[in-house]
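Accompanying notes for the structure given below.
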There are 2 protein chains.
Amino acid sequence: MNISQAAAATGLTSKTIRFYEQQGVIPPAARSANGYRIYSEQQLEVLRFIKRSRDMGFSLEESRALFQLSQDPSRTSASVKQKAEQQIQRIDQQIESLQQMRAMLETAVSACRGDEQAECPILDQLNGVADEDSRLT
Amino acid sequence: MNISQAAAATGLTSKTIRFYEQQGVIPPAARSANGYRIYSEQQLEVLRFIKRSRDMGFSLEESRALFQLSQDPSRTSASVKQKAEQQIQRIDQQIESLQQMRAMLETAVSACRGDEQAECPILDQLNGVADEDSRLT
DNA sequence: GTTAGGGCTTCCAGTCACTGTAAGGTCAAC
DNA sequence: GTTGACCTTACAGTGACTGGAAGCCCTAAC
């Protein structure tokens, strides 16, 4: 199984797989006589693990560490759970930040007529104009 | 007003202000005799505009474009509104993606005892184990 | 007068996780 | 034998900063 097949089987790209190898996230792939990387089902599992971890928002380094943990029989589930809970907290912060952005935008957008005129509450908001019903008062 | 005062007055850092200038997001600051950048209240407004735009999640390039629009009397509010609506859509996509991550994590975390044992549903999920009540069955 | 400190300047490297591009080797099919 | 699709490496670029080095400038204290 060559790299593009491994890519198709894992949902990664060939480039990303090479990148992971170069970064030491995964062990170097074996090579066939022509120098092509070859992948076993076992290697695919490593790649899938990293992909799932990335899909949960863990960094590459954290993903690497999690994989190591998964290979370490002396690990404790507490140590894993802690990382996952931290990750949830980070995600919650990101969501909250995005929701704040969204609320600001939504307020501005709903006040904006979106016509051919120049007058625009969105730009007013960006300009720090304290609005409070700006038009025709 | 020198750069660190401008930074304090806008909520940016000196480094960020220099970066914005170097990137052409803001016009080059005037310089005093000793070569220090000096900022007028007018320049502060530009910086604040960019900061607010960034705080709404617009890219630096979009922020620059929005500022140009805000200076352009021939703009239409429709053109601004369109950008803002696109931005809301991007944010909604990000929020959705984060909520999916969160849901995966939450499922795994709530199944994990978090004790001194090695057994860990979180790692099982990363390993693609189809779980479905894995313990003691 | 000089020394210590803080702030200013420039420039370059590093972050994160890829992605793009170039130059070249390999392989199967026609 | 030549096309075209794959593979290889290596390096540059992305976005939005951040950190650090090396050196000027200014003030205040000794």
Side-chain angles (χ1 to χ4, degrees), chain A residues 1-26 28-39 43 46-67 86-87 90-91 93-94 97-98 101, chain B residues 1-26 28-39 43 46-67 86-87 90-91 93-94 97-98 101:
Chain A
M1 182 170 246
N2 66 20
I3 198 167
S4 65
Q5 291 170 317
T10 57
L12 299 166
T13 67
S14 302
K15 271 232 175 267
T16 299
I17 295 173
R18 285 190 205 103
F19 175 75
Y20 286 174
E21 179 180 322
Q22 189 239 311
Q23 294 295 110
V25 177
I26 55 171
R31 301 291 181 126
S32 62
N34 57 17
Y36 289 11
R37 286 176 181 80
I38 46 182
Y39 294 88
Q43 275 273 58
V46 183
L47 289 168
R48 290 198 189 100
F49 185 103
I50 301 297
K51 172 146 180 32
R52 288 192 201 97
S53 172
R54 296 282 303 124
D55 285 347
M56 289 192 196
F58 288 105
S59 74
L60 257 193
E61 168 56 24
E62 287 165 335
S63 301
R64 195 197 54 71
L66 280 170
F67 182 72
Q86 281 173 6
Q87 178 58 17
R90 283 197 297 256
I91 287 175
Q93 284 165 13
Q94 290 177 51
S97 158
L98 286 168
M101 288 183 193
Chain B
M1 182 172 246
N2 66 20
I3 197 167
S4 67
Q5 292 169 316
T10 58
L12 298 166
T13 67
S14 302
K15 266 220 174 291
T16 299
I17 295 173
R18 283 188 207 104
F19 175 74
Y20 286 174
E21 179 180 321
Q22 190 239 311
Q23 295 295 111
V25 178
I26 55 172
R31 302 291 181 125
S32 62
N34 57 18
Y36 288 13
R37 288 176 182 79
I38 45 181
Y39 294 87
Q43 275 273 57
V46 182
L47 289 168
R48 290 199 189 99
F49 185 103
I50 301 298
K51 171 142 180 33
R52 289 192 200 99
S53 172
R54 298 280 306 123
D55 286 347
M56 289 192 194
F58 288 104
S59 73
L60 256 193
E61 169 55 24
E62 287 164 334
S63 301
R64 195 196 53 72
L66 281 170
F67 182 72
Q86 281 173 7
Q87 178 57 16
R90 283 197 297 258
I91 287 175
Q93 284 165 13
Q94 289 177 53
S97 157
L98 285 168
M101 289 183 192

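Chain identifiers are assigned alphabetically (A, B, ...) following the order of the sequence lines, protein sequences preceding nucleic acid strands; residue numbering begins at 1 within each chain. Values reported hereafter were calculated over all heavy atoms of this structure, with side chains retained and with hydrogens, waters and symmetry mates removed.
Judged by distance alone, the side chain of B:Gln87 and the main-chain N or O of B:Met56 form a donor-acceptor pair under 3.5 Å. Between the side chain of A:Gln5 and the backbone N or O of A:Asn2, at least one donor-acceptor pair lies under 3.5 Å.
Distances from the side chain of A:Arg31 to the nucleotides D:dT8, C:dA17, C:dT9 place D:dT8 closest.
Atoms CZ and CD, on A:Arg54 and A:Glu62 in that order, are 9.0 Å from each other to the nearest 0.5 Å. Interatomic distance, CG of B:Leu98 versus CD of B:Gln93, reported as 12.0 Å (0.5 Å rounding). Rounded to the nearest 0.5 Å, atoms CD (A:Gln86) and CZ (A:Phe58) are 9.0 Å apart. The line from CD1 of B:Ile3 to OG1 of B:Thr10 is 9.5 Å long, rounded to the nearest 0.5 Å. Going from atom NZ of A:Lys51 over to atom CG of A:Asp55 covers 3.5 Å, rounded to the nearest 0.5 Å.
Counting to the nearest Å, the P atom of D:dG15 and the CZ atom of B:Arg90 are 13 Å from each other. Across the protein-nucleic acid pair, B:Asn2 atom CG and D:dC24 atom C1' stand 15 Å apart, rounded to whole Å. In this structure, CZ of B:Arg37 is placed 7 Å from C1' of C:dT9, rounded to the nearest angstrom. We find that CZ of A:Arg54 is positioned 11 Å from P of C:dC16, with the value rounded to whole Å. Whole-Å rounding puts the A:Gln22 CD to D:dA12 P distance at 14 Å. Rounded to a whole Å, the CZ atom of B:Arg64 is 12 Å from the P atom of D:dG15. Atom P of nucleotide D:dG15 and atom CD of B:Gln23 are separated by 9 Å, given to the nearest angstrom.
Under the 4.5 Å side-chain criterion, counting only non-hydrogen atoms from C-beta, B:Arg64 is not in contact with B:Gln23.
The minimum heavy-atom distance between A:Phe49 and A:Ser63, with the atom names listed, is CE2-O, 4.0 Å.
Taking the nucleotide of DNA chain C with the nearest heavy atom to each of B:Gln5 and A:Asn34, the more 5' of the two is matched to B:Gln5.
Contact annotation: B:Tyr20 reaches the phosphate of D:dC17 (side-chain N/O to OP1 or OP2, under 4.0 Å).
Scanning residues 9-18 of chain A for heavy-atom distances under 4.0 Å to DNA chain D yields A:Lys15, A:Arg18. Within a heavy-atom distance below 4.0 Å of DNA chain C, the residues of residues 55-63 of chain A found are A:Ser59, A:Leu60.
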